[in-house]
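Report on the structure given below.
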Amino acid sequence: MTKTQLFNQLCEGTFPGDRVLFRPILMHFAARFGGKTYGAFASDHKTLVDCNLKAMEHFDLDMVGLISDPYRETSAFGAKVTFPAEAVPICKEIIVNSLEDVKNLKNPDVYKSDRTLDRIKGAELFQKKLKGDVPVIGWIEGPLAEACDLAGISNMLMYLMTDPDFCNLLMDKCVKTAKDFAKAQIEAGCQVIGIGDAICSQIDALTYDTYVKDRHHEIINYIHECGGKVKLHICGNITHLLPSIAEYNVDILDLDYGVDMEEAFEIVGPEVIRCGNISPILVEERKAQEIFDASSLLIEREKGRKFILSAGCEITVITKHENLMAMRKASIF
Amino acid sequence: MEELFEKIAHCVEFGKINLASPYPPDMKGQVGADELTKQAIDAGAEPDDVLKKGLVVGMEKIGIKFRDNKVFVPQVLMSAKAMSTAMEHLKPFFESGAVKRKGVFVIGTVAGDLHDIGKNLVSMMVKGSGFEVVDLGTDVNSQKFIEAVKQHPGCFVGLSALLTTTMVNMEKIVTDIKTAIPGTKVLIGGAPVSEDFKEKIHADFYSRDPQGAVDFLKRSVA
(Lines give C-alpha, C1' and ligand atoms only; values in the text may rest on other atoms or scores of the structure.)
Protein backbone atom coordinates (compact mmCIF):
# COMPACT_ATOMS: atom_id res chain seq x y z
CA MET A 1 0.00 0.00 0.00
CA THR A 2 1.37 3.45 -0.90
CA LYS A 3 1.58 6.30 1.57
CA THR A 4 -1.04 8.16 -0.39
CA GLN A 5 -3.39 5.21 0.03
CA LEU A 6 -2.62 5.11 3.75
CA PHE A 7 -3.42 8.80 4.03
CA ASN A 8 -6.64 8.44 2.05
CA GLN A 9 -7.70 5.59 4.31
CA LEU A 10 -7.02 7.71 7.37
CA CYS A 11 -9.18 10.47 5.93
CA GLU A 12 -11.98 7.95 5.54
CA GLY A 13 -11.53 6.67 9.08
CA THR A 14 -9.66 3.44 8.42
CA PHE A 15 -6.52 3.11 10.49
CA PRO A 16 -3.50 1.20 9.19
CA GLY A 17 -2.59 -1.70 11.45
CA ASP A 18 1.17 -1.28 11.26
CA ARG A 19 1.62 2.40 11.96
CA VAL A 20 0.41 5.80 12.98
CA LEU A 21 1.17 8.28 10.21
CA PHE A 22 4.20 10.44 11.00
CA ARG A 23 4.73 13.89 9.52
CA PRO A 24 6.92 16.41 11.38
CA ILE A 25 7.33 19.93 9.99
CA LEU A 26 10.83 20.09 8.54
CA MET A 27 12.50 23.14 7.07
CA HIS A 28 15.94 24.14 8.36
CA PHE A 29 16.38 20.61 9.71
CA ALA A 30 15.66 19.09 6.29
CA ALA A 31 18.04 21.53 4.61
CA ARG A 32 20.93 20.58 6.87
CA PHE A 33 20.03 16.90 6.72
CA GLY A 34 20.34 17.16 2.95
CA GLY A 35 23.69 18.94 3.25
CA LYS A 36 22.38 22.30 2.07
CA THR A 37 21.95 25.74 3.60
CA TYR A 38 18.55 27.01 4.67
CA GLY A 39 19.03 29.86 2.20
CA ALA A 40 19.38 27.40 -0.68
CA PHE A 41 16.46 25.34 0.61
CA ALA A 42 14.14 28.36 0.67
CA SER A 43 15.23 29.82 -2.65
CA ASP A 44 15.52 26.77 -4.91
CA HIS A 45 12.79 24.18 -5.30
CA LYS A 46 15.21 21.51 -6.50
CA THR A 47 17.14 21.80 -3.25
CA LEU A 48 13.95 21.84 -1.17
CA VAL A 49 12.58 18.74 -2.86
CA ASP A 50 15.89 16.88 -2.74
CA CYS A 51 16.36 17.60 0.98
CA ASN A 52 12.80 16.62 1.81
CA LEU A 53 13.09 13.36 -0.11
CA LYS A 54 16.32 12.48 1.69
CA ALA A 55 14.64 13.14 5.02
CA MET A 56 11.54 11.19 3.96
CA GLU A 57 13.60 8.16 3.02
CA HIS A 58 15.78 8.22 6.11
CA PHE A 59 13.01 8.81 8.66
CA ASP A 60 10.30 6.93 6.73
CA LEU A 61 8.05 10.00 6.72
CA ASP A 62 4.49 9.46 5.53
CA MET A 63 4.10 12.82 3.80
CA VAL A 64 6.36 15.47 2.29
CA GLY A 65 5.90 19.21 2.22
CA LEU A 66 6.74 22.44 0.42
CA ILE A 67 6.83 24.67 3.49
CA SER A 68 9.92 26.87 3.67
CA ASP A 69 9.22 30.34 5.08
CA PRO A 70 6.39 32.91 5.31
CA TYR A 71 7.43 35.19 2.47
CA ARG A 72 6.51 33.50 -0.82
CA GLU A 73 3.33 35.53 -1.30
CA THR A 74 4.80 38.65 0.33
CA SER A 75 7.52 38.60 -2.27
CA ALA A 76 4.92 38.14 -5.01
CA PHE A 77 3.08 41.20 -3.68
CA GLY A 78 6.30 43.18 -4.21
CA ALA A 79 8.36 43.03 -1.00
CA LYS A 80 12.06 42.32 -1.15
CA VAL A 81 13.19 39.07 0.45
CA THR A 82 16.79 38.08 1.14
CA PHE A 83 18.21 34.67 1.97
CA PRO A 84 20.85 34.38 4.69
CA ALA A 85 22.63 31.04 4.50
CA GLU A 86 21.59 29.68 7.87
CA ALA A 87 18.56 31.68 8.96
CA VAL A 88 14.94 32.19 8.01
CA PRO A 89 14.61 34.38 4.88
CA ILE A 90 14.38 38.05 5.76
CA CYS A 91 11.73 40.54 4.70
CA LYS A 92 12.28 43.84 6.47
CA GLU A 93 10.16 45.90 4.12
CA ILE A 94 6.62 46.85 5.08
CA ILE A 95 4.87 47.60 1.81
CA VAL A 96 1.42 48.43 3.15
CA ASN A 97 1.36 51.50 5.36
CA SER A 98 -2.02 53.05 4.67
CA LEU A 99 -5.48 52.37 3.28
CA GLU A 100 -4.27 53.95 0.05
CA ASP A 101 -1.48 51.35 -0.10
CA VAL A 102 -4.05 48.61 0.37
CA LYS A 103 -6.18 50.00 -2.44
CA ASN A 104 -3.15 50.15 -4.72
CA LEU A 105 -1.95 46.66 -3.81
CA LYS A 106 -2.22 44.41 -6.86
CA ASN A 107 -2.84 40.69 -6.51
CA PRO A 108 0.11 38.96 -8.15
CA ASP A 109 0.05 36.31 -10.84
CA VAL A 110 1.47 33.41 -8.86
CA TYR A 111 2.93 31.92 -12.03
CA LYS A 112 4.89 35.08 -12.76
CA SER A 113 6.49 35.76 -9.38
CA ASP A 114 9.79 33.95 -8.84
CA ARG A 115 9.07 32.79 -5.33
CA THR A 116 5.53 31.51 -5.84
CA LEU A 117 6.50 29.90 -9.14
CA ASP A 118 9.43 28.21 -7.39
CA ARG A 119 7.03 26.51 -4.98
CA ILE A 120 4.72 25.48 -7.82
CA LYS A 121 7.71 23.93 -9.59
CA GLY A 122 8.54 22.17 -6.33
CA ALA A 123 5.10 20.56 -6.37
CA GLU A 124 5.66 19.43 -9.95
CA LEU A 125 9.06 17.99 -9.12
CA PHE A 126 7.71 16.11 -6.11
CA GLN A 127 5.06 14.57 -8.33
CA LYS A 128 7.58 13.64 -10.98
CA LYS A 129 9.74 11.86 -8.41
CA LEU A 130 7.04 10.34 -6.21
CA LYS A 131 4.45 9.60 -8.91
CA GLY A 132 1.59 10.20 -6.52
CA ASP A 133 2.70 7.53 -4.05
CA VAL A 134 3.34 9.97 -1.21
CA PRO A 135 1.02 12.85 -0.26
CA VAL A 136 2.57 16.22 -1.00
CA ILE A 137 1.58 19.13 1.25
CA GLY A 138 1.64 22.49 -0.51
CA TRP A 139 1.65 25.66 1.54
CA ILE A 140 -0.01 29.06 1.60
CA GLU A 141 -0.04 31.93 4.09
CA GLY A 142 -3.32 32.45 5.90
CA PRO A 143 -5.02 35.82 5.48
CA LEU A 144 -4.02 37.32 8.83
CA ALA A 145 -0.44 36.09 8.66
CA GLU A 146 -0.08 37.49 5.16
CA ALA A 147 -1.65 40.79 6.16
CA CYS A 148 0.87 40.99 9.02
CA ASP A 149 3.72 40.23 6.61
CA LEU A 150 2.57 43.09 4.38
CA ALA A 151 1.60 45.69 7.02
CA GLY A 152 3.81 44.72 9.97
CA ILE A 153 2.61 42.59 12.87
CA SER A 154 2.09 45.27 15.51
CA ASN A 155 0.49 47.65 13.01
CA MET A 156 -1.89 45.02 11.70
CA LEU A 157 -2.93 43.85 15.16
CA MET A 158 -3.77 47.44 16.08
CA TYR A 159 -5.64 47.97 12.81
CA LEU A 160 -7.80 45.01 13.85
CA MET A 161 -8.93 47.11 16.79
CA THR A 162 -9.30 50.43 15.01
CA ASP A 163 -9.71 50.20 11.25
CA PRO A 164 -12.06 47.56 9.86
CA ASP A 165 -11.96 49.01 6.34
CA PHE A 166 -8.19 48.61 6.19
CA CYS A 167 -8.32 45.08 7.57
CA ASN A 168 -11.17 43.82 5.43
CA LEU A 169 -9.76 45.16 2.19
CA LEU A 170 -6.24 43.92 2.87
CA MET A 171 -7.33 40.50 4.06
CA ASP A 172 -9.68 40.09 1.08
CA LYS A 173 -6.69 40.62 -1.19
CA CYS A 174 -4.71 38.12 0.85
CA VAL A 175 -7.54 35.57 0.49
CA LYS A 176 -7.57 35.96 -3.28
CA THR A 177 -3.84 35.30 -3.56
CA ALA A 178 -4.08 32.43 -1.09
CA LYS A 179 -6.73 30.81 -3.28
CA ASP A 180 -4.78 31.40 -6.50
CA PHE A 181 -1.65 29.96 -4.95
CA ALA A 182 -3.45 26.96 -3.48
CA LYS A 183 -5.09 26.15 -6.83
CA ALA A 184 -1.78 26.38 -8.64
CA GLN A 185 -0.14 23.97 -6.19
CA ILE A 186 -3.02 21.50 -6.40
CA GLU A 187 -2.85 21.57 -10.18
CA ALA A 188 0.89 20.97 -9.89
CA GLY A 189 0.26 17.82 -7.87
CA CYS A 190 -0.31 18.64 -4.19
CA GLN A 191 -2.94 16.51 -2.46
CA VAL A 192 -2.98 18.68 0.63
CA ILE A 193 -2.60 22.43 1.13
CA GLY A 194 -1.29 23.71 4.44
CA ILE A 195 -2.57 27.07 5.57
CA GLY A 196 -0.10 28.78 7.90
CA ASP A 197 -1.73 31.48 10.01
CA ALA A 198 0.57 31.54 13.02
CA ILE A 199 -0.45 34.91 14.41
CA CYS A 200 -4.04 33.82 15.01
CA SER A 201 -3.08 32.30 18.37
CA GLN A 202 -2.29 35.82 19.55
CA ILE A 203 -5.75 37.27 18.95
CA ASP A 204 -8.93 36.73 20.94
CA ALA A 205 -11.79 34.55 19.73
CA LEU A 206 -14.08 37.51 18.97
CA THR A 207 -11.48 39.15 16.74
CA TYR A 208 -10.81 35.79 15.08
CA ASP A 209 -14.52 35.35 14.42
CA THR A 210 -14.86 38.92 13.16
CA TYR A 211 -11.98 38.93 10.72
CA VAL A 212 -10.51 35.50 10.12
CA LYS A 213 -12.98 32.66 10.57
CA ASP A 214 -15.06 33.25 7.46
CA ARG A 215 -11.93 33.83 5.40
CA HIS A 216 -10.44 30.56 6.57
CA HIS A 217 -13.72 28.88 5.71
CA GLU A 218 -13.74 30.45 2.25
CA ILE A 219 -10.19 29.27 1.51
CA ILE A 220 -10.92 25.78 2.82
CA ASN A 221 -14.05 25.46 0.71
CA TYR A 222 -12.16 26.63 -2.34
CA ILE A 223 -9.34 24.12 -1.80
CA HIS A 224 -11.94 21.39 -1.46
CA GLU A 225 -13.55 22.52 -4.72
CA CYS A 226 -10.12 22.28 -6.35
CA GLY A 227 -9.80 18.70 -5.13
CA GLY A 228 -7.35 19.22 -2.27
CA LYS A 229 -7.47 18.58 1.43
CA VAL A 230 -6.58 21.24 3.99
CA LYS A 231 -4.13 21.28 6.89
CA LEU A 232 -4.47 24.32 9.15
CA HIS A 233 -1.39 25.30 11.11
CA ILE A 234 -1.51 27.97 13.79
CA CYS A 235 1.57 28.09 16.05
CA GLY A 236 0.96 28.45 19.77
CA ASN A 237 -2.00 27.72 21.99
CA ILE A 238 -5.26 27.87 20.04
CA THR A 239 -7.54 26.33 22.64
CA HIS A 240 -9.62 29.51 22.72
CA LEU A 241 -10.16 29.32 18.93
CA LEU A 242 -11.11 25.64 18.74
CA PRO A 243 -14.90 26.21 19.01
CA SER A 244 -14.69 28.51 15.98
CA ILE A 245 -12.42 26.16 14.05
CA ALA A 246 -14.85 23.34 14.79
CA GLU A 247 -17.48 25.20 12.79
CA TYR A 248 -15.72 24.69 9.46
CA ASN A 249 -14.56 21.63 7.67
CA VAL A 250 -10.80 21.54 7.98
CA ASP A 251 -9.35 18.09 7.23
CA ILE A 252 -6.13 18.19 9.28
CA LEU A 253 -5.60 20.46 12.26
CA ASP A 254 -2.06 20.98 13.53
CA LEU A 255 -1.96 21.41 17.28
CA ASP A 256 1.02 22.96 19.01
CA TYR A 257 2.29 21.52 22.26
CA GLY A 258 0.36 23.96 24.45
CA VAL A 259 -2.96 22.49 23.33
CA ASP A 260 -4.51 19.56 25.17
CA MET A 261 -5.15 16.89 22.52
CA GLU A 262 -8.05 15.39 24.45
CA GLU A 263 -9.77 18.74 24.84
CA ALA A 264 -9.22 19.45 21.15
CA PHE A 265 -10.80 16.11 20.26
CA GLU A 266 -13.82 16.92 22.35
CA ILE A 267 -14.24 20.28 20.67
CA VAL A 268 -13.44 19.64 16.99
CA GLY A 269 -14.90 16.13 16.91
CA PRO A 270 -13.78 12.78 15.47
CA GLU A 271 -13.79 13.71 11.77
CA VAL A 272 -10.88 16.15 11.98
CA ILE A 273 -7.42 14.59 11.78
CA ARG A 274 -5.47 16.15 14.64
CA CYS A 275 -1.75 16.41 14.03
CA GLY A 276 0.69 16.91 16.88
CA ASN A 277 1.83 17.62 19.41
CA ILE A 278 5.12 16.65 21.08
CA SER A 279 7.05 19.76 22.12
CA PRO A 280 9.81 20.48 19.58
CA ILE A 281 11.97 21.61 22.48
CA LEU A 282 11.54 18.19 24.07
CA VAL A 283 12.46 16.56 20.75
CA GLU A 284 15.53 18.76 20.58
CA GLU A 285 16.75 18.52 24.15
CA ARG A 286 15.78 15.17 25.63
CA LYS A 287 17.16 11.69 25.10
CA ALA A 288 15.76 9.49 22.35
CA GLN A 289 14.18 7.11 24.85
CA GLU A 290 12.20 9.95 26.47
CA ILE A 291 10.94 11.07 23.06
CA PHE A 292 10.01 7.51 22.21
CA ASP A 293 8.11 7.22 25.49
CA ALA A 294 6.30 10.55 25.04
CA SER A 295 5.34 9.61 21.48
CA SER A 296 4.18 6.14 22.53
CA LEU A 297 2.02 7.60 25.28
CA LEU A 298 0.40 10.05 22.89
CA ILE A 299 -0.20 7.33 20.30
CA GLU A 300 -1.82 5.13 22.93
CA ARG A 301 -4.14 7.97 23.93
CA GLU A 302 -5.05 8.61 20.31
CA LYS A 303 -5.80 4.98 19.50
CA GLY A 304 -8.84 4.62 17.26
CA ARG A 305 -8.91 8.32 16.41
CA LYS A 306 -7.87 10.26 13.34
CA PHE A 307 -4.36 11.31 14.29
CA ILE A 308 -0.95 12.04 12.75
CA LEU A 309 2.12 12.07 14.97
CA SER A 310 4.16 15.24 14.76
CA ALA A 311 5.89 17.77 16.93
CA GLY A 312 3.78 20.79 17.86
CA CYS A 313 5.77 22.95 15.47
CA GLU A 314 8.93 22.86 13.37
CA ILE A 315 11.68 20.41 14.27
CA THR A 316 14.72 22.51 15.14
CA VAL A 317 17.85 22.38 13.04
CA ILE A 318 19.99 21.10 15.91
CA THR A 319 17.69 18.20 16.78
CA LYS A 320 19.61 14.93 16.87
CA HIS A 321 18.63 12.51 14.12
CA GLU A 322 18.13 9.73 16.64
CA ASN A 323 15.56 11.90 18.45
CA LEU A 324 13.43 12.33 15.34
CA MET A 325 13.87 8.67 14.56
CA ALA A 326 12.53 7.86 18.02
CA MET A 327 9.19 9.36 17.00
CA ARG A 328 9.11 7.20 13.88
CA LYS A 329 10.00 4.08 15.85
CA ALA A 330 7.22 4.80 18.32
CA SER A 331 4.71 5.10 15.49
CA ILE A 332 5.55 1.82 13.75
CA PHE A 333 4.10 -1.27 15.40
CA MET B 1 -7.71 64.47 41.49
CA GLU B 2 -7.94 60.83 42.54
CA GLU B 3 -10.96 60.43 40.28
CA LEU B 4 -8.94 61.75 37.37
CA PHE B 5 -6.15 59.26 38.08
CA GLU B 6 -8.71 56.48 38.07
CA LYS B 7 -10.03 57.64 34.71
CA ILE B 8 -6.50 57.69 33.29
CA ALA B 9 -5.90 54.17 34.60
CA HIS B 10 -9.20 53.05 33.06
CA CYS B 11 -8.26 54.52 29.67
CA VAL B 12 -4.89 52.78 29.69
CA GLU B 13 -6.40 49.49 30.80
CA PHE B 14 -8.96 49.56 28.02
CA GLY B 15 -6.71 51.09 25.35
CA LYS B 16 -8.52 54.38 24.96
CA ILE B 17 -5.83 56.57 23.42
CA ASN B 18 -7.60 59.84 22.74
CA LEU B 19 -10.84 61.43 21.59
CA ALA B 20 -10.22 60.53 17.95
CA SER B 21 -9.62 56.86 18.61
CA PRO B 22 -12.62 54.62 17.81
CA TYR B 23 -11.37 51.97 20.24
CA PRO B 24 -12.81 50.61 22.44
CA PRO B 25 -16.22 50.87 20.78
CA ASP B 26 -18.05 51.54 24.05
CA MET B 27 -15.82 54.59 24.71
CA LYS B 28 -16.10 56.06 21.23
CA GLY B 29 -16.48 59.84 21.36
CA GLN B 30 -14.93 60.11 24.82
CA VAL B 31 -11.61 61.64 25.73
CA GLY B 32 -8.73 59.23 26.35
CA ALA B 33 -5.48 58.86 28.30
CA ASP B 34 -3.95 61.62 26.19
CA GLU B 35 -6.42 64.38 27.09
CA LEU B 36 -6.92 63.24 30.68
CA THR B 37 -3.20 63.22 31.40
CA LYS B 38 -2.85 66.74 30.02
CA GLN B 39 -5.85 67.77 32.09
CA ALA B 40 -4.27 66.38 35.24
CA ILE B 41 -0.95 68.10 34.64
CA ASP B 42 -2.69 71.39 33.80
CA ALA B 43 -4.69 71.09 37.01
CA GLY B 44 -1.48 70.88 39.00
CA ALA B 45 -1.22 67.15 39.65
CA GLU B 46 2.20 65.86 40.61
CA PRO B 47 3.62 64.17 37.50
CA ASP B 48 4.83 61.30 39.66
CA ASP B 49 1.26 60.74 40.86
CA VAL B 50 -0.05 60.80 37.29
CA LEU B 51 2.45 58.10 36.48
CA LYS B 52 2.07 55.92 39.56
CA LYS B 53 -1.63 56.35 40.36
CA GLY B 54 -2.84 56.52 36.78
CA LEU B 55 -0.73 55.15 33.96
CA VAL B 56 1.13 52.42 35.86
CA VAL B 57 -2.09 51.16 37.47
CA GLY B 58 -3.72 50.80 34.04
CA MET B 59 -0.76 48.94 32.58
CA GLU B 60 -0.60 46.62 35.58
CA LYS B 61 -4.25 45.72 35.14
CA ILE B 62 -3.89 44.93 31.45
CA GLY B 63 -0.68 42.99 32.18
CA ILE B 64 -2.49 40.77 34.63
CA LYS B 65 -5.37 40.23 32.21
CA PHE B 66 -2.86 39.25 29.50
CA ARG B 67 -1.09 36.87 31.87
CA ASP B 68 -4.44 35.26 32.65
CA ASN B 69 -5.41 34.98 28.95
CA LYS B 70 -8.33 37.34 29.43
CA VAL B 71 -7.04 39.66 26.72
CA PHE B 72 -4.68 39.07 23.81
CA VAL B 73 -1.91 40.92 21.99
CA PRO B 74 -4.05 43.49 20.10
CA GLN B 75 -5.65 44.72 23.33
CA VAL B 76 -2.25 45.03 25.03
CA LEU B 77 -0.90 46.97 22.06
CA MET B 78 -3.79 49.41 22.34
CA SER B 79 -3.14 49.88 26.06
CA ALA B 80 0.54 50.44 25.39
CA LYS B 81 -0.30 52.99 22.74
CA ALA B 82 -2.59 54.82 25.19
CA MET B 83 0.19 54.74 27.77
CA SER B 84 2.91 55.99 25.42
CA THR B 85 0.70 58.77 24.08
CA ALA B 86 -0.05 59.96 27.61
CA MET B 87 3.63 59.69 28.57
CA GLU B 88 4.46 62.42 26.07
CA HIS B 89 2.94 64.88 28.54
CA LEU B 90 5.29 63.63 31.26
CA LYS B 91 8.41 63.76 29.10
CA PRO B 92 9.54 67.23 30.27
CA PHE B 93 9.29 66.10 33.88
CA PHE B 94 11.42 63.02 33.22
CA GLU B 95 14.00 65.21 31.48
CA SER B 96 14.08 67.72 34.34
CA GLY B 97 14.34 64.96 36.95
CA ALA B 98 11.03 65.84 38.58
CA VAL B 99 9.89 62.30 37.90
CA LYS B 100 12.40 59.54 38.51
CA ARG B 101 12.56 56.20 36.74
CA LYS B 102 12.76 53.01 38.74
CA GLY B 103 15.72 51.82 36.73
CA VAL B 104 16.91 51.08 33.22
CA PHE B 105 15.95 48.02 31.22
CA VAL B 106 17.88 47.19 28.07
CA ILE B 107 16.01 44.85 25.75
CA GLY B 108 16.51 43.25 22.33
CA THR B 109 15.63 40.23 20.23
CA VAL B 110 18.68 38.02 19.99
CA ALA B 111 20.97 37.68 16.98
CA GLY B 112 19.41 35.85 14.06
CA ASP B 113 15.83 36.61 15.09
CA LEU B 114 13.84 39.43 13.51
CA HIS B 115 10.62 39.00 15.46
CA ASP B 116 9.74 41.97 17.58
CA ILE B 117 6.22 41.43 18.85
CA GLY B 118 7.19 39.73 22.12
CA LYS B 119 10.02 42.15 22.73
CA ASN B 120 7.72 45.10 22.06
CA LEU B 121 5.11 43.81 24.49
CA VAL B 122 7.65 43.40 27.27
CA SER B 123 9.19 46.75 26.42
CA MET B 124 5.83 48.52 26.64
CA MET B 125 4.83 46.83 29.87
CA VAL B 126 8.16 47.58 31.55
CA LYS B 127 8.04 51.17 30.37
CA GLY B 128 4.50 51.36 31.68
CA SER B 129 5.68 50.25 35.10
CA GLY B 130 8.01 53.23 35.43
CA PHE B 131 11.35 52.00 34.06
CA GLU B 132 13.38 53.62 31.32
CA VAL B 133 13.58 51.18 28.42
CA VAL B 134 16.46 51.08 25.96
CA ASP B 135 15.17 49.07 23.01
CA LEU B 136 18.02 47.74 20.86
CA GLY B 137 15.65 46.27 18.27
CA THR B 138 15.94 42.86 16.64
CA ASP B 139 18.88 40.70 15.56
CA VAL B 140 21.03 42.07 18.40
CA ASN B 141 24.44 40.53 19.07
CA SER B 142 26.46 40.34 22.29
CA GLN B 143 28.54 43.39 21.51
CA LYS B 144 25.53 45.66 21.18
CA PHE B 145 24.10 44.43 24.47
CA ILE B 146 27.43 44.92 26.22
CA GLU B 147 27.82 48.45 24.87
CA ALA B 148 24.34 49.33 26.12
CA VAL B 149 25.02 47.88 29.57
CA LYS B 150 28.23 49.92 29.79
CA GLN B 151 26.25 53.04 28.93
CA HIS B 152 23.66 52.27 31.61
CA PRO B 153 25.50 50.84 34.61
CA GLY B 154 23.33 48.71 36.85
CA CYS B 155 20.68 48.20 34.20
CA PHE B 156 18.71 45.02 33.71
CA VAL B 157 18.87 43.19 30.37
CA GLY B 158 16.04 41.41 28.59
CA LEU B 159 16.62 38.90 25.78
CA SER B 160 13.77 37.79 23.53
CA ALA B 161 13.58 34.98 20.98
CA LEU B 162 10.56 33.70 19.10
CA LEU B 163 12.23 30.88 17.25
CA THR B 164 13.52 27.62 18.58
CA THR B 165 16.30 28.08 16.05
CA THR B 166 17.48 31.36 17.57
CA MET B 167 16.97 30.78 21.27
CA VAL B 168 20.27 28.92 21.21
CA ASN B 169 21.95 32.30 20.61
CA MET B 170 20.73 33.41 24.03
CA GLU B 171 23.29 31.24 25.76
CA LYS B 172 26.24 32.97 24.11
CA ILE B 173 24.81 36.42 24.76
CA VAL B 174 24.13 35.69 28.44
CA THR B 175 27.66 34.35 28.84
CA ASP B 176 29.21 37.29 27.00
CA ILE B 177 27.28 39.89 29.03
CA LYS B 178 28.05 38.27 32.36
CA THR B 179 31.73 37.88 31.44
CA ALA B 180 32.05 41.52 30.32
CA ILE B 181 30.01 43.06 33.15
CA PRO B 182 29.68 40.58 36.05
CA GLY B 183 26.60 40.95 38.17
CA THR B 184 24.34 42.10 35.35
CA LYS B 185 20.88 40.63 35.74
CA VAL B 186 19.61 39.04 32.54
CA LEU B 187 15.95 38.15 31.93
CA ILE B 188 14.88 35.87 29.08
CA GLY B 189 11.57 35.21 27.39
CA GLY B 190 9.89 34.04 24.20
CA ALA B 191 7.70 31.24 22.94
CA PRO B 192 10.29 28.43 22.96
CA VAL B 193 12.07 29.49 26.16
CA SER B 194 11.48 27.76 29.47
CA GLU B 195 12.56 27.72 33.11
CA ASP B 196 14.78 24.72 32.34
CA PHE B 197 16.43 26.63 29.54
CA LYS B 198 17.00 29.60 31.85
CA GLU B 199 18.82 27.32 34.30
CA LYS B 200 20.85 25.77 31.50
CA ILE B 201 22.16 29.08 30.17
CA HIS B 202 22.56 30.70 33.62
CA ALA B 203 20.17 33.58 33.01
CA ASP B 204 18.64 35.20 36.10
CA PHE B 205 14.95 35.15 35.35
CA TYR B 206 12.46 33.64 32.94
CA SER B 207 8.87 34.65 32.52
CA ARG B 208 6.27 33.27 30.16
CA ASP B 209 4.49 36.63 30.06
CA PRO B 210 5.43 40.33 30.24
CA GLN B 211 3.83 40.85 33.64
CA GLY B 212 6.23 38.33 35.15
CA ALA B 213 9.15 40.41 33.91
CA VAL B 214 7.59 43.56 35.34
CA ASP B 215 7.04 41.89 38.72
CA PHE B 216 10.65 40.67 38.79
CA LEU B 217 12.03 44.12 38.00
CA LYS B 218 9.86 45.79 40.61
CA ARG B 219 10.94 43.27 43.25
CA SER B 220 14.56 43.80 42.29
CA VAL B 221 14.47 47.57 42.86
CA ALA B 222 12.16 47.56 45.87
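Numbered from 1 within each chain, the chains take letters A, B, ... in sequence-line order.
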Mark yes when over 12 heavy atoms from residues, nucleotides or ligands other than [X] sit less than 6.0 Å from its [atom1]; otherwise mark no.
X        : atom1 : value
B/Arg208 : CZ    : no
B/Lys178 : NZ    : yes
A/Lys36  : NZ    : no
B/Lys102 : NZ    : yes
B/Lys38  : NZ    : no
B/Lys127 : NZ    : no

Find the distance between [atom1] ([X]) and [atom2] ([Y]) and round it off to the nearest 0.5 Å.
X        : Y        : atom1 : atom2 : value
A/Thr207 : B/Gln75  : OG1   : CD    : 5.5 Å
B/Ser79  : A/Met161 : OG    : CE    : 11.0 Å
B/Met124 : A/Ser154 : CE    : OG    : 5.5 Å
A/Ile153 : B/Asp116 : CD1   : CG    : 6.5 Å

Original post:
Could you walk me through whether B/Asp139 and A/Lys92 pass the salt bridge (charged side-chain N to carboxylate O under 4.0 Å, His left out) check?
Top reply: CA-CA 12 Å; B/Asp139 194 16; A/Lys92 285 187 173 173; 5.3 Å; no

Original post:
With side chains defined as the heavy atoms from C-beta onward, is the minimum distance between B/Lys70 and A/Asp204 less than 4.5 Å?
Top reply: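 In short, these two side chains do not touch, never coming nearer than 4.5 Å.
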
Original post:
What heavy-atom pair brings B/Pro74 and A/Gln202 nearest, and what distance separates the two atoms?
Top reply: CD-O, 3.3 Å

Original post:
What pair of heavy atoms forms the shortest contact from A/His240 to B/Phe72, and how long is it?
Top reply: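 Result for this residue pair: NE2-CE2, 3.3 Å.
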
What part of [X] gets closer than 4.5 Å to chain B, counting heavy atoms only: side chain, backbone, both or neither?
X        : answer
A/Ser279 : neither
A/Ile90  : both
A/Glu86  : neither
A/Tyr257 : side chain

**OP:** For each of B/Asn120, B/Asp196, B/Ile117, tally heavy-atom pairs with chain A at distances under 4.5 Å, and name the one with the top tally.
**Re:**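 Of the candidates given, the most pairs with chain A belong to B/Ile117.
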
**OP:** Could you give me the CA-CA distance, side-chain angles and deciding distance for B/Tyr23 and A/Met158, then say whether side chain to side chain contact (heavy atoms under 4.5 Å, CB included) is met?
**Re:** CA-CA 10 Å; B/Tyr23 181 86; A/Met158 287 176 72; over 6 Å; no

Original post:
In terms of heavy-atom pairs under 4.5 Å, which option from A/Leu160, A/Ile203, A/Thr162 contacts chain B the most?
Top reply: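 Top option by heavy-atom pairs under 4.5 Å: A/Ile203.
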
